[in-house]
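The sequence lines fix the lettering, A, B, ..., with proteins before strands; numbering per chain opens at 1.
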There are 2 protein chains.
Amino acid sequence: MTEARRRRKKNRVTSLDIAHRAGVSQATVSRVLAGSPLVNPETRRRVEQAVRELNYKVDRHASSLRTQRAGTLALLLFEDPTPDDSHINPFFLSMLGSITRACARHGHDLLVSFQQLSDDWHADYEDSMKADGLILLGYGDYLTYRAKLETLVAQGTHFVRWGQVEPGQPGVSIGCDNHAGGRLAGQHLLACGRRQVAFLGDASSRFPEFQARYQGCDAALREAGLGLSPALQADADSTEEAGFKATRELLARGQPFDAIFAASDLIAIGAIHALKEAGLRVPDDVSVVGFDGTAMARLADPPLTTVVQDTSRAGELLVSTLLQLVRDQPVQSVMLPPTLEIRASSMR
Amino acid sequence: MTEARRRRKKNRVTSLDIAHRAGVSQATVSRVLAGSPLVNPETRRRVEQAVRELNYKVDRHASSLRTQRAGTLALLLFEDPTPDDSHINPFFLSMLGSITRACARHGHDLLVSFQQLSDDWHADYEDSMKADGLILLGYGDYLTYRAKLETLVAQGTHFVRWGQVEPGQPGVSIGCDNHAGGRLAGQHLLACGRRQVAFLGDASSRFPEFQARYQGCDAALREAGLGLSPALQADADSTEEAGFKATRELLARGQPFDAIFAASDLIAIGAIHALKEAGLRVPDDVSVVGFDGTAMARLADPPLTTVVQDTSRAGELLVSTLLQLVRDQPVQSVMLPPTLEIRASSMR
DNA sequence: CTGAAAGCGCTTACAG
DNA sequence: CTGAAAGCGCTTACAG
């Protein structure tokens, strides 16, 4: 055993040590540290001094075992279909950042874990008392997803999910108003004088977020007597490669289009590459609008117009809602309004 | 109290419940779950069945309180000087991903927390038994950093740091061989016929990673009778904005250059924007090489040549080294060899 | 191979 | 305002 480790183990300070040094009982030490008002100010001072002098920290396990609260939330990040380190969707990494910060603000720790949406989730953080509740993050086939959400509800697990908000869903969801976001994109493309808008992304009910974006854009176009055409829709999951391929496929169809609304920024960036490769100019020949508001949208060439999801508010809302749930307070699903950030990729 | 929650609380299954159902003692249940060989196979079967039937999970706090092991590691991610959600360096997010995966492989949970390098770190995860050790991630002024590392060492905290590996450093470090990476960049630019290489990034000892990259590139150039010139070096922290501004500043100096070696991909992407803005072509007029091997390098226009750090191996090594440290096994600092990924930004 | 018992370090009714 | 005592749910010497 190293010297440092021996020191650490031997020196392990407990609340009893603090009690002795401050001349009070263990119970009083606990009260001071819990911020109880039932403590004489002078007593509190002495205890706090002893805590400082001995660098005492409450043992989390002892505390949690007694109170049956972990003071910790767990974030499950689903990463189908790209289990490659470098390919995690930057939007979700941004969400991870804001969730981490929100947890810290609320005085909770955050356990982070990556899961395959298609596999069995290791959602037993609450059963083993490691976390008071779960935050579920990541899109994927909703057919798979929904069944697992129902299992969680049946087990009485506390969880909040990021995703499309729809009536009758199991559990509580926080999500972007994707329909409104699609509408913003459609209206903007109309204002740019575009008439034939292509959509890149799976628009079926298996991907409710993408579907709502599709429908929102479609609705905006319909109000102008237009609409999205199935002939100008191509599936793509949220990667640059998929956006690249889908755009090539679209071009191969020969059906003319003057704008692309991509279901995510990554898809949009892939689309821009494919358009350039085909000798088309962005935005002169084709306007491109993405979705998410990731940092890379600004770095794209040309800079990408994108529907921005408010990740800061999203993280805060996910955490605060989950904590309310844990405390048995009433909660509700919330849709956050997106905004449009207009850049050169769409404006002629 | 909601129905689900009442059920959850009331149903809380303990090892004693399993013991009763399997007709054994609590001690035997514990042995089975710990995989002890001192258990009759038939007894083991009965216990495992009861565990399955009651969906029993060991209470982490009770277990950790008894064993004095948390089964958890904590990741501290420093984010000076950009505490904005969207601006976390994508390289560190990629590292976060690989560390998360490595933790899971090693059967440990991971607590994630963002910290300001300049503030007091909340490095008390080990004091409160929340984690068995720390992984430190993020660059920053090493003057600040080093003092805090020494404090951690003095406290006997178990930690591993990601960063430049140098003799005499406090604690254990895992890092990229930045000097070798700089050398790769320099040799490649020479092979591209470049003679006047500019460097973007702080090359002082306060940023040892950047400094080593500078020196490695300089060494390669010197072998060809050239070298990096201080007149062609401009400070930049690892953001696109900083790279953009540094390049503008460089251009304003009027000193000619035909290549830029940027200390990070973000800086390089900012540089490309500034070069284009100035009417210069990449790579025809100026070759650009970045560092990190982030996903956005591939998406840049033109695609960015970059020195790739192996984040997968890095994450695995950080976690396995930390676990060895926690187990009092001998460990050592390691430098990982980088590779060069050549793309269009450097090749005429 | 198995069980009875102690104890990890807290918090919280309870009593004063 | 304070203290003595119990107990959260495990694991592990110890004894057999």
Is the side chain of [X] donor-acceptor paired with the backbone N or O of [Y] at a distance under 3.5 Å, no angle test?
X         : Y         : result
Arg60(A)  : Ala70(A)  : yes
Arg69(B)  : Ala131(B) : no
Asp132(A) : Leu73(A)  : no
Ser63(A)  : Asp59(A)  : no
Arg31(A)  : Arg44(A)  : no

ask   = What dot-bracket string describes DNA chain D from 5' to 3', counting Watson-Crick and G-U wobble pairs whose defining distances are under 3.5 Å, with [ ] for crossing pairs and | for pairs to another strand?
value = |||.||||||||.|||
Starting from [atom2] on [N], measure out to [atom1] on [X] and report it in whole angstrom.
X        : N      : atom1 : atom2 : answer
Asn40(A) : dC1(D) : CG    : P     : 7 Å
Leu65(A) : dG7(D) : CG    : P     : 14 Å
His20(A) : dG9(C) : NE2   : P     : 14 Å

request  = Mind telling me whether His61(B) and His61(A) have parallel, tilted or perpendicular rings, with 30° and 60° as the class edges?
outcome  = tilted
inquiry  = Looking only at the aromatic ring of each residue, does the gap between the centers of Tyr145(B) and Trp121(B) stay below 6.0 angstrom?
reply    = yes
request  = Compute the centroid of each ring, for Phe92(B) and then for Phe78(B), and state whether the two points are separated by less than 6.0 Å.
outcome  =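 Ring centroids of Phe92(B) and Phe78(B) are no less than 6.0 Å from each other.
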ask   = NA contact type, Ser64(A), heavy-atom cut-off 4.0 Å: base, sugar-phosphate, or nothing?
value = nothing
task = At under 4.0 Å between heavy atoms, which parts of nucleotides 10-15 of chain D does protein reach? Answer with one letter per nucleotide, 5' to 3': B base, S sugar-phosphate only, - none.
result = BBBB--
query = Given the C1' atoms of dT12(D) and dG16(D), what is the spacing between them in whole Å?
reply = 16 Å
ask   = When rounded to the nearest Å, what value does the distance between P atoms of dA5(C) and dC1(C) take?
value = 24 Å
